[in-house]
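These notes concern the structure reproduced below.
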Amino acid sequence: MTKTAPASVPAPRRRGPDGRFPAYRGHTCQPYTGYEEHCWHLDYRLQDDPDFRITFKRNPWCWSPELGFHRARTPHVPERLTGLTDGKFVGPKGMNMWQAVRVGAGWGTNSGGPDPARWKEQTWRVMVAVDYRWSGDLEPVAQLGRLIGALVDGGGQKRIADDDDLLRGWFRDSTREFLPHPAMGGWNDVLLRACDGQADLEQDGAWVRSQQPAPVPRRPGEPEPWEYRIDLWNNLVGIAAHPGGMRIVCEVYKLTQPSPEQAMNWMTTAVRHALRWGQVDTIPASRPAPDNEDEDDD
């Protein structure tokens, strides 16, 4: 009986003299860039999994459009990762949403969230649509990160941040994506007119002001009722402008009670609008790995 020779499996890779793993089919894996003790942007502290800490630093997760998720030592082994929402930033089978966005953007992994030196508030606030948490398959999150990376590294984020008209255009297009919706009631027409630049500042403005929630008795520390649609209208018509306005757009979007999948689709579309308003012409295309390239067995 003829025996079939076992398939050749590449050996785990070793770091080069620069401390990074050599390229695999044109892809160089992203590094682990450090651990931050405190994470100011969240209401809890993120911790790496103590059972995975040393392994992760020596063999961090990486992602590319061609290879998907993989570990730096074994890029030829694809992995399906899930989002962590338990306060850990990374584990043996997943990572939190911030990390998946970072590796999707090509920025490496660390225990922090948004990097103020790299991406600005109006960019990372788009994830308010899911409250910065994702517990499903991380592939769409990495794809979202890829778009965010193109927006930031392509200069689109800076162009939007420096021009209120571009910022407002992004908010308008992102808002149109979920209007009209039954949950919005009379707000549908008012917000759509604002999105189309046809708002009647006197008539619509009076109606918007009438929607201000009436004061109600509150316990100490209890937040007052807030109508984010008023803030959104003010942003859309130019009465108010703030880089964090994308949070307002997201808060209004959440009133439609989207499923996680719907929210991911909306966030992805919103970032694509940002790419257009930020005048980023191209997004790095997925490049198929050459069929005739030998695997690196270092």
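Please read these numbers as outputs of a predicted model, since none were measured by experiment. Basis for what follows: all heavy atoms, side chains included, without hydrogens, waters or symmetry-related copies. In this chain, numbering begins with 1 at the start of the sequence shown.
You'll find the side chain of F89 stays beyond 4.5 Å of the side chain of L84, heavy atoms only. The shortest distance between side-chain heavy atoms of Q262 and Y253 falls below 4.5 Å. Counting heavy atoms from C-beta outward, E251 and L232 have side chains that stay 4.5 Å or more apart. Counting heavy atoms from C-beta on, the side chains of W61 and V103 never come closer than 4.5 Å. Looking at heavy atoms from C-beta onward, R176 lies out of side-chain contact with H273 at the 4.5 angstrom threshold.
Ring-centre distance between W98 and W134: not below the 6.0 Å cut-off.
With values rounded to the nearest 0.5 angstrom, L144 atom CG is found 10.0 Å from R272 atom CZ.
Of the residues listed (V126, T175, V128), the one engaging V249 in a side chain to side chain contact (heavy atoms under 4.5 Å, CB included) is T175, and it is the only one. For the ring pair (Phe, Tyr, Trp, His ring centres under 6.0 Å) test with W187, the passing option among W233, F178, W207 is W207; the others fail.
Side-chain contact check for E139 and W63: at least one donor-acceptor pair (N or O, by modelled atom type) lies under 3.5 Å. A donor-acceptor contact closer than 3.5 angstrom is absent between the side chains of W277 and D163. Using modelled atom types, one finds a donor on one side chain and an acceptor on the other under 3.5 Å when comparing Q157 with T123.
V77 and M95 are not part of a single hydrophobic cluster, where members link through side-chain heavy atoms under 4.5 Å apart.
Remark: side-chain polar atoms of R168 are paired, donor with acceptor, to backbone N or O of N235 under 3.5 angstrom.
Listed by first then second residue, pairs satisfying salt bridge (charged side-chain N to carboxylate O under 4.0 Å, His left out) with a partner in residues 178-195 read R193-D204, not counting sequence neighbours.
Heavy atoms from other residues, nucleotides or ligands lying under 6.0 Å from CD of Q203 number 12 at most.
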